[in-house]
Amino acid sequence: MNTPQTTGPRIETVPSAFTAGTRAARRHLARTGVIARQLDQITPGTAEARTVPVTIDGEPRTWVTLLNHLGQPIGDAAARTAALGLLDRAFPGADWSVPQRYDIRTGHLAEDVPLFPASLGIDTARAAR
C-alpha cells in the first residue's frame, strides 16, 4: 500500500558562496539582456554606447554616442537621449562626469580611458616609461 515513510528531520542549509555567486551571475545575465533589448528597441543594431561629459552654454551635459558592431555611429538625438536615460536608470551610481563605455555583449559599464603606447612617450605614468 501507499504508506508514507517518515524521514529524519530536515536539515536547513545556509546558502554557500557558490550558490550566491550563481544567483548574482543569473541576475547580471538577466539585467544585461534587458538593457540590450531596450537599447535595440531604441536603435536597432546598437553594440556599444559611449558617453562623454561636455559643457554647453556653461552647463555640464553628457553626450551619448551609439555605435554598431562596426564602430559606426547610429541613432538620432532622440535615441541618444533615450539611451542616456536608460543607462542612467540602470547604473544610478555611475560617475557621468568622466567618459564611460557600455558594452552590450558583456553588460559592463567602464570608464573610457584613451590608451597610448608607452613607447611614444605620450603616457604620463612613470611606470609606463
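The first residue of the sequence shown is numbered 1, and numbering continues consecutively from there.
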Worksheet item: Minimum heavy-atom separation for Q100 to E111, with atom names?
Response: OE1-N, 3.5 Å
Worksheet item: Going by heavy atoms in the side chains, are L84 and R80 under 4.5 Å from each other?
Response: no
Worksheet item: Do I74 and T46 come within less than 4.5 Å of each other through their side chains, counting heavy atoms only?
Response: yes
Worksheet entry | Nearest non-hydrogen partners of T106 and H28, listed with the distance | O-NE2, 3.1 Å
Worksheet item: Do R31 and F91 meet the cation-pi criteria used here (NZ or CZ under 6.0 Å from the six-membered ring centre, within 45° of the axis)?
Response: yes
Item to complete: Indicate the atoms forming the closest heavy-atom contact of P53 with V98, along with that distance.
Response: CD-C, 3.8 Å
Worksheet item: Do the side chains of D57 and E59 get nearer than 4.5 Å, heavy atoms only?
Response: no
Response to the item:
Distance col, row E48:CD vs D112:CG, nearest 0.5 angstrom, shows 7.5 Å
Worksheet item: Does the side chain of P73 come within less than 4.5 Å of L67's, by heavy atoms?
Response: yes
Worksheet item: How many angstroms lie between atom CG of D76 and atom OG1 of T43, to the nearest 0.5 angstrom?
Response: 6.5 Å
Worksheet item: Closest approach of D103 and A47, non-hydrogen atoms and distance?
Response: OD1-O, 3.7 Å
Response to the item:
Nearest heavy-atom approach of L66 to A83 is CD2-CB, 3.7 Å
Discussion item. Show the nearest heavy-atom pair for residues I42 and A79, with the distance to one decimal.
Written reply: CG2-O, 3.5 Å
Discussion item. Let me check something: do V54 and W96 share a hydrophobic cluster, defined by ILVMFWY side-chain heavy atoms less than 4.5 Å apart, either directly or through other members?
Written reply: no
Worksheet item: Got a second to check how far I35's CD1 is from Y102's OH, nearest 0.5 Å?
Response: 4.0 Å
